[in-house]
Amino acid sequence: MKQKFMKVVTAFLMVASMGMFSCSNDPDIPSNEIINKDHEDPVKAELILVEGHLHGTYKFHQNPEVEGVVHLNKVQKVTIEQTEKGWHPTTESAKQFNVRSTPHDAKGQNVYALWIKYYNAKGEEVTGEFVENGQDQIHQHFFIPRDIKNTFDGVSENDDTNPATLFEYFYCDTDPWDKNRHNEGAKLIGDKNPIGLKGYFKFLKPRKQFVLNIELMHAAKSKWDAKGQASPFYAPSLAQRQRDHWDLKIKIPVVIYADQMEYLETEAIEDLSESDKKLLESIAKAYSITPEEALEDLKTLFYGDIDPEAGSIWL
Amino acid sequence: MKIYFIGILLLISGGLCSHSLYAHRSSEKIKVKIVEKDSSYPIVQALIQIHNKVYVSDAKGECTIELSPTDRVMHIHSLGYKPKEISSFRGKKELLVFLELEQNLLEEVVVSSSKQTAARSSVTQELTGIELSKNLGKSLAESLEKMKGVSFIQNGATVAKPVIQGMYGNRILIINSGVRQEGQAWGDDHAPEIDLNNASSVTIIKGVDAIRYGSQALGGIIRLEPKELPYNRTKIGGNLSTSYGSNGKRYALTGYLDGSLPFARSMAWRVQGTVLNGGDRKTAKYLLNNTGMREYDFSTALGYKKRDFSFDLFYSRYDSKIGVLYTAQRGDIDLLKERIKMGRPLEIEPFTRKIDYPYQQVIHQIFRVKSDWDINTKNQLHFQYSYQTDQRDEFHARRNNLSHIPSLSLDLSSSQLDLSWLFFPSRYLKTEVGIYTGFADNANKAGTGVVPIIPNYTQQNWGAFLIQRFLREKWSADAGIRFDRQSSKADGFDSYGERYGGKRTFANATYHLGGAYQISRPLRFVSNLGLAWRSPHVHELYSNGLDHASGIYVVGNSQLQPERSTKWISSFIYETKPLTLSIDGYLQWVHNYIYDEPSQDYMTIVSGTYPVFKYKQVDGFFRGIDAELSFTPFSFLTYTHKASMIWANEKRTGRYLPYIPSFHWLQTLGYELSGIPLFHKVGFTLKHKYVAKQKRFDPATDLISFTPPSYHLWGLGIEGSIDFKRKHKMTFLVEINNLLNKEYKEYTNRFRYYAHDTGRDIRMVCIWSF
């Protein structure tokens, strides 16, 4: 009796299981995870480089724009987008940054502040995602010069390959990240908690060009080492290179076309000295303009009647 | 007691002559032939009990029985086989009885060489009983490595996939408890989702024995069989095993209980469970952080068996969590170069059992219903239905506190139905006909925020086969043919939000021809030729995304055609008392062999620029030799050699194919002590393993242009067993692997870019059987 029952059960299962295979065999409708990214991934970044001066180690203030200047503007912006072949400047964007060096001991040093802003596919700014909700503890931008070369008129030096002698970078991140310390009540945190969404460069050597690799580290655990120290701006530790994730790698050419202290000795084109010609040539090459256009901009800058403290951008 | 009784009867019976021990007045006679179920080889000296009479089978496995009118039930016993009870024999002149091997009686037998009977034309190896139990705490691939011709591909210290004669992944079919394992075998870092402790035997079938099991098995088959349910046993039996491994401070506990129901002895049950827990593994010189693992496995079975009918239900759950070495992140191409140059982790954290991101979590469940019905002595029916689910989640450190959301989350469910009919037209012939259908549905879970590497897909399989076996005393031959049809549909979104996928249908035939011949008493020859095929997997057809584990951007090729393999494998086995030698040689031509290699192109996505690996197919030629020599000059001393060598390259250009194991050589010296008080047996083992540098290597198939150097590993083992009263037995094992703590890298370990292989490990195992 029991055996008969089991045979009936088996026969039933055979029929039932055959039935299971006659169901629809279409795969599940897929989900487009690009939409599901929860704005996690930036696809566009703006790098805003502003020439300015300091009111203290971390108090950057923009040098004002001078009306009539066509090329040598104080604010340069590179917009890059993610493509299949990497992060590349958009067609309408500047393709490089042109800057001047500043001697260590110069007064009224020219420095360059850099703001990095990230946008998602919808065009919404997502910069805060790298700072908010504790993300500041695992993120740090590094600024690493690679492929360092002389400009066409530069002179090789023994320490050219040492990034630390080429420029300095000061992390000036604030809390909140999108406010400034000057008039928006933000607090400086970058000196102790380097993130690199904002900070400034001090370029130390004239007539050098290099590719600035901006690499965003996403630490697997923490960006701090065992002693509670973060890595310097140009040198993530080997352990960080090995173990941590690198969310973004942006490469921007930078040309230090001249030194801050280089000026024209004369403004008449026929009276230009060799050093004047050299400067104009350097500017012209960097900006892809003619020496005459460079001269016009320099003259406008020199005669422009403007308060040096009239700049509106503060870190 | 029963065994003693049977033994005495055997003595009385006087060996080979078949005769009745009792005289009976009856005119009805029946000729009974008893053969082994697997091989149909005659079983000599089997006992046939009918009422109060006992008969013994002769050299041909036959005996003639005189029946009295009251004889209704026949009990058949033979040492090493499961007893059988037959009731439907009245009115017949002849009766053919098949006995199954009793696995638990082979506990003491180390069957690590080819198991060959005259009837079997497949080249096989088997691991059973205590030898299998000793592998507690090891993965399936690691446990099989001691078999000749078997190695493994690793993804770090904890993920290993078996390789049989150069073939791995989807080219190897795993039959787990009678069910084709349907997991995510397509992934390089996806180990088989199997609890080895659930099996009482593991068989490696090296030939293209795909007729019965279906296409795909170009490389071979790994068959894991659970212990038979103990029908009619009155006592509860079981086993409890524990192990501890010093490397990673791993501990494992496994055990089972089984018995029959007191109110219905024809119904039997079993429950089994395994717990594994390990922390960070270490190389010879440093810890491999985040290589801990957890495993919680459970299985249960309930069966009914009476006379000619059996029915059983089986359920198993495999649940594992495996940490991935922190530094095993390839990153983009620049980082990869830097990381390869470092070659080992630079920052080492203290040992921990904690598993951090990245890690993978897998839950695999199998539900199976099986039924066998011996319709009469010449016909048997087999039915099996199984349902499996495989849930794989892979987690990585992600921004915005999103690490708890898996980067890859796959849900696979599959059903399989097998029906087969076994027919014995004559004493020398065995025919098997079967049909199979299977359906698999693999879907990426929505909401991961990461573009999955493979699309959602479904796969429908249909197959039918016919196997004909000819069995004689000295030789056997078998031939088979199988038709399969596989259709798959894929649908997904790629990295740019574009829909992709498609439908492919493949249909093909598989053939098999084999034979075995007992040349002389010690010498046996087995040879078979198989033609098989494998349709490209959806991963190979449609992949389009970043493989987070490997750090490569994988691009499939929807135009790929099925692989077609012709494999000829032959084996010579020479067995005498002091010397056993077996040599397996094989030639395998694979038309349209599919593999991926760097395309010298790079793909940039948000997280960086990655090397693009594209799938391609070429005509490949594999050939190799596996050899084993065992010499026992004295009963207490055994010296064994095992070696494997394989060549694999593209036929047209001669280019070497990737991830083919280099020359492996294992030698073992065993010394056994007897007469030690308390202990039944004490043995010592010294092992030496040599792995050559892989020189048959094409740098274009890899991210780096060199292979690791050769290495030697030494090992030491001590084991003993104590027999207690009432069949209780305790076995102890202490095993030291990598005794000299050698720092080395293995070519087939994909983590060799970032770290060395594991260092010294002292493993202790204790097995209590009751």
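Proteins get letters first, then strands, A, B, ... in listed order; numbering begins at 1 in each. We use all heavy atoms of the structure for the numbers below, so side chains are in, but hydrogens, waters and symmetry mates are not.
- In this structure, the separation between CD1 on A:Ile48 and NZ on A:Lys117 is 4.5 Å, given to the nearest 0.5 Å.
- Contacts between B:Asp494 and chain A at a heavy-atom distance below 4.5 Å involve the backbone alone (N, CA, C, O).
- A distance of 9.5 Å separates NZ of A:Lys77 from CD of A:Glu92, quoted to the nearest 0.5 Å.
- With respect to chain B, the highest number of heavy-atom pairs below 4.5 Å among A:His139, A:Glu215, A:Gln135 belongs to A:Gln135.
- Among the candidates B:Pro455, B:Gly497, B:Ser487, the residue making the largest number of heavy-atom pairs closer than 4.5 Å to chain A is B:Gly497.
- By the 4.5 Å heavy-atom criterion applied to side chains, B:Tyr357 and B:His396 are not counted as neighbours.
- Within the 4.5 Å cutoff, side-chain heavy atoms of B:Tyr286 are placed close to those of B:Arg344.
- B:Pro345 touches chain A through backbone and side chain together, each having a heavy atom under 4.5 Å away.
- Between A:Thr127 and A:Trp177, the closest side-chain pair of non-hydrogen atoms falls below 4.5 Å.
- Salt-bridge annotation for B:Glu338 and A:Arg241: present, with a side-chain N of the basic residue lying under 4.0 Å from a carboxylate O of the acidic one.
- Ring geometry, B:Phe311 versus B:Phe309: the interplanar angle falls under 30°, so the pair is classed parallel (tilted spans 30 to 60°).
- Look at B:Lys489 and A:Asp26 and you find a salt bridge, because one of the NZ, NE, NH1 or NH2 atoms lies within 4.0 Å of a carboxylate O, short of that distance.
- Neither the backbone nor the side chain of B:Lys503 comes within contact range of chain A; no heavy atom of the residue lies under 4.5 Å from a heavy atom of that chain.
- Chain B is approached within less than 4.5 Å, heavy atom to heavy atom, by no residue from residues 140-150 of chain A.
- When the options A:Leu49, A:Val99, A:Val211 are evaluated for a side chain to side chain contact (heavy atoms under 4.5 Å, CB included) with A:Val254, the one that passes is A:Val99.
- By the 4.5 Å heavy-atom criterion applied to side chains, A:Phe97 and A:Val255 are not counted as neighbours.
- There is no contact between A:Leu216 and chain B, counting heavy-atom distances below 4.5 Å.
- With a 4.5 angstrom heavy-atom cutoff, B:Asp441 touches chain A only via side-chain atoms.
- Note: A:Pro27 leads A:Ala121, A:Pro27, A:Ala239 in heavy-atom pairs under 4.5 Å with chain B.
- Using a 4.5 Å cut-off between heavy atoms, B:Tyr457 touches chain A through its backbone atoms (N, CA, C, O) alone.
- Ring-plane geometry between A:Phe201 and A:Phe167 is classed as perpendicular, the angle between the planes exceeding 60 degrees on a 0 to 90 degree scale with a lower cut at 30.
- For B:Ala490, the part sitting under 4.5 Å from any heavy atom of chain A is the backbone (N, CA, C, O) and nothing else.
- With chain A as partner, the option from B:Lys445, B:Met342, B:Glu498 having the largest number of non-hydrogen pairs under 4.5 angstrom is B:Met342.
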